[in-house]
There are 2 protein chains.
Amino acid sequence: MYSYQHPHPAVSIDCAIFGLDEGELKVLLIERKHEPFKGRWALPGGFVEMDEDIDEAARRELEEETGVRKVFLEQVGAFGAPGRDPRERVITIAHLAIVNLHDHKVRAASDASEASWFPAAKPPALAFDHRKILEASLAKLRDKASREPLFVEFLPKRFTLTQLQHFYEVVLGEALDKRNFRKKIMSYGAIKELEAFEVGKAPRSARLHRFDSKAWTVLKKAGRSFAI
Amino acid sequence: MYSYQHPHPAVSIDCAIFGLDEGELKVLLIERKHEPFKGRWALPGGFVEMDEDIDEAARRELEEETGVRKVFLEQVGAFGAPGRDPRERVITIAHLAIVNLHDHKVRAASDASEASWFPAAKPPALAFDHRKILEASLAKLRDKASREPLFVEFLPKRFTLTQLQHFYEVVLGEALDKRNFRKKIMSYGAIKELEAFEVGKAPRSARLHRFDSKAWTVLKKAGRSFAI
DNA sequence: CCAAAAGTGTTAGAGATACACCCATGG
DNA sequence: CCATGGGTGTATCTCTAACACTTTTGG
């Protein structure tokens, strides 16, 4: 089955990096400086080194791009249509990453001439097949967010239930009933009320909450899901 | 971001080919004739050619291996730990395939010294990281089967409700209540009763059904899922 | 004082679960 | 005639969905 005569394409990784900004789902794009697709926006990425695992490569690129180390990162899938890169055969392995825009100031975000955040739902024209890759990443994000507590990756450690509800509304793309939402999300027993309140925001300041990941681990083992 | 100096690993595809046999979920394995892992069982696979898309390569390998053309085939993901192939760096893109053992006589199945079907839940020792790949493929299969009518890929065109229930019990790994199962599965409106009955089987022969894919397309567009 | 967001319960209906017996037939 | 798998209905309970007003406070 294996022989020593076989093709050796280039293999890259690309990252769809998502963040929540002002109640909108954003994706981080970089502006290409060179041909092909010079001047076009693209998902950040790079080549996989010979001695590194695929997700190591993704993590490395992610850190180079955003300066952030500990982030949620997951493989989306391989895209390898011949001709997707006009220079040579490049198979890319798409990844989905989430950064918390509240805790970290993302390096690239300040460097706006080269990298900036765009609405994930309506991105500008993208290089290569990155439009397709972005769509697939978004689909995966929605799927995962509706069954696992992915919001911990997007929100600050202490958050209000309104922030949480906005997260679900943005990701799922539908409006949710406030009372039903609170009832359900609290019923899982993995979100704890804090004694602290938000400062200097709305007319009335909202109670802060945190996600109790230990409680969640226990509940998950007992077969609980986290569907909204 | 792209340069012309970058690594070129080998890229292969591997297929976890599933089938339902005597009410058991089976996976097709081949016996390796050469080193490394000579004599070990492995998932069938091969290298991606320079001018073919990834899923084309998977489809080609699948046909070479099983003689079957039209099958359900979907990407599971890329596996690329350095050293997973002792000879050189090989990144593999795992695929999940389903063949219907009733309609097709799979070519490799008769050629038992080289390829045969094993229980998917307890496979023999496998070459490379194929154990991990098989686990991931099984997980994906379970996930998909519990929300989409995947059974059409496993069962003959005309099937009994008992066969259908067995399918779900095998894939989901839990016993289901007969009455509740029938109520629910029929409530989707995508399974039609036929006037025909099974021949020469059980004491009492069971009514045959078929999946109405046109009706399902309509229902799906209306937002229906197919969860059990 | 008022605009704006926070917070809070109840009810009706849909869907899920639990459960047991008779029927038809081949051997 | 009996062992075997085929087929059927109901009651209860849980979960979901719909729905509106009071509270607080910064400007």
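First the proteins, then the strands, lettered A, B, ... as listed; each starts at 1. Note that the structure is predicted; figures quoted are calculated from it, not measured.
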Once you round it to whole Å, what is the distance between [atom2] of [N] and [atom1] of [X]?
{"X": "B/H209", "N": "D/dG6", "atom1": "NE2", "atom2": "C1'", "answer": "11 Å"}
{"X": "A/I191", "N": "C/dG7", "atom1": "CD1", "atom2": "C1'", "answer": "16 Å"}
{"X": "B/I185", "N": "D/dG7", "atom1": "CD1", "atom2": "P", "answer": "15 Å"}
{"X": "B/M186", "N": "C/dA16", "atom1": "CE", "atom2": "P", "answer": "16 Å"}
{"X": "B/I228", "N": "C/dT17", "atom1": "CD1", "atom2": "C1'", "answer": "14 Å"}
{"X": "A/F197", "N": "D/dG26", "atom1": "CZ", "atom2": "P", "answer": "13 Å"}
{"X": "A/Q163", "N": "C/dA6", "atom1": "CD", "atom2": "C1'", "answer": "13 Å"}
{"X": "A/R207", "N": "C/dA5", "atom1": "CZ", "atom2": "C1'", "answer": "16 Å"}

How would you list, by chain and number, every residue that makes a salt bridge (Lys or Arg N to Asp or Glu O under 4.0 Å) with [X], sequence neighbours excluded?
{"X": "A/K214", "value": "none"}
{"X": "A/D177", "value": "none"}
{"X": "B/D129", "value": "B/R84"}

Exercise for the section: Answer with base, sugar-phosphate or nothing: what part of the nucleic acid does B/T162 contact at a heavy-atom distance below 4.0 Å? Expected result: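 It contacts sugar-phosphate atoms only.
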Practice task
Identify whether any heavy atom of B/S187 sits under 4.0 Å from a base atom; if not, whether one sits that close to sugar-phosphate; answer base, sugar-phosphate or nothing.
Solution key: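 Contact class for B/S187: none.
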Problem - Nucleotide-resolved protein contact map, nucleotides 9-16 of chain D, B/S/- at heavy-atom distance under 4.0 Å - result: BB-----S
Exercise for the section: Can you check each nucleotide of nucleotides 22-27 of chain C against protein heavy atoms at under 4.0 Å and return B for base, S for sugar-phosphate only, - for none, in 5' to 3' order? Expected result: -BBBS-
Side-chain donor-acceptor pairs under 3.5 Å in residues 215-228 of chain A, sequence neighbours left out?
{"unit_1": "A/T217", "atom_1": "OG1", "unit_2": "A/S213", "atom_2": "O", "d": "2.7"}

Problem - Nearest-0.5 Å distance, NE2 of residue B/H209 to OG1 of residue B/T162 - result: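 OG1 of B/T162 is found 9.5 Å from NE2 of B/H209.
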Handout entry: Pair A/F154 + A/F18: ring centers closer than 6.0 Å
Key =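 Ring-ring flag for A/F154/A/F18: false, centres at least 6.0 Å apart.
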Restricting to side chain to side chain contact (heavy atoms under 4.5 Å, CB included), what partner residues turn up for [X], sequence neighbours left out?
{"X": "B/A57", "value": "B/I13, B/V48, B/E52, B/R60"}
{"X": "A/A94", "value": "A/V76, A/F79, A/I133"}
{"X": "B/A145", "value": "B/L150, B/F167, B/V171"}

Exercise for the section: Take A/K178 and B/R182, find for each the nucleotide of DNA chain D with the closest heavy atom, and name the residue whose nucleotide sits nearer the 5' end. Expected result: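 Going by which nucleotide is closer to the 5' end, it is B/R182.
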Exercise for the section: Rounded to 10°, tell me the angle between the two end axes of the helix from C/dC1-D/dG27 to C/dG27-D/dC1, each built from five pairs. Expected result: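 What I find for the helix from C/dC1-D/dG27 to C/dG27-D/dC1 is an axis angle of 10°.
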Handout entry: salt bridge (charged side-chain N to carboxylate O under 4.0 Å, His left out) contacts in which one or both residues fall within residues 178-189 of chain A, not counting sequence neighbours
Key =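 Applying salt bridge (charged side-chain N to carboxylate O under 4.0 Å, His left out) to every pair that reaches into residues 178-189 of chain A, excluding sequence neighbours, yields nothing.
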Problem - Where at least one partner belongs to residues 133-154 of chain B, residue pairs that pass salt bridge (charged side-chain N to carboxylate O under 4.0 Å, His left out), sequence neighbours excluded - result: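 Every salt bridge (charged side-chain N to carboxylate O under 4.0 Å, His left out) pair that includes a residue of residues 133-154 of chain B, provided the two are not neighbours, is B/E74-B/K140, B/E74-B/K144, B/R131-B/E135, B/D143-B/R147, B/K144-B/E148.
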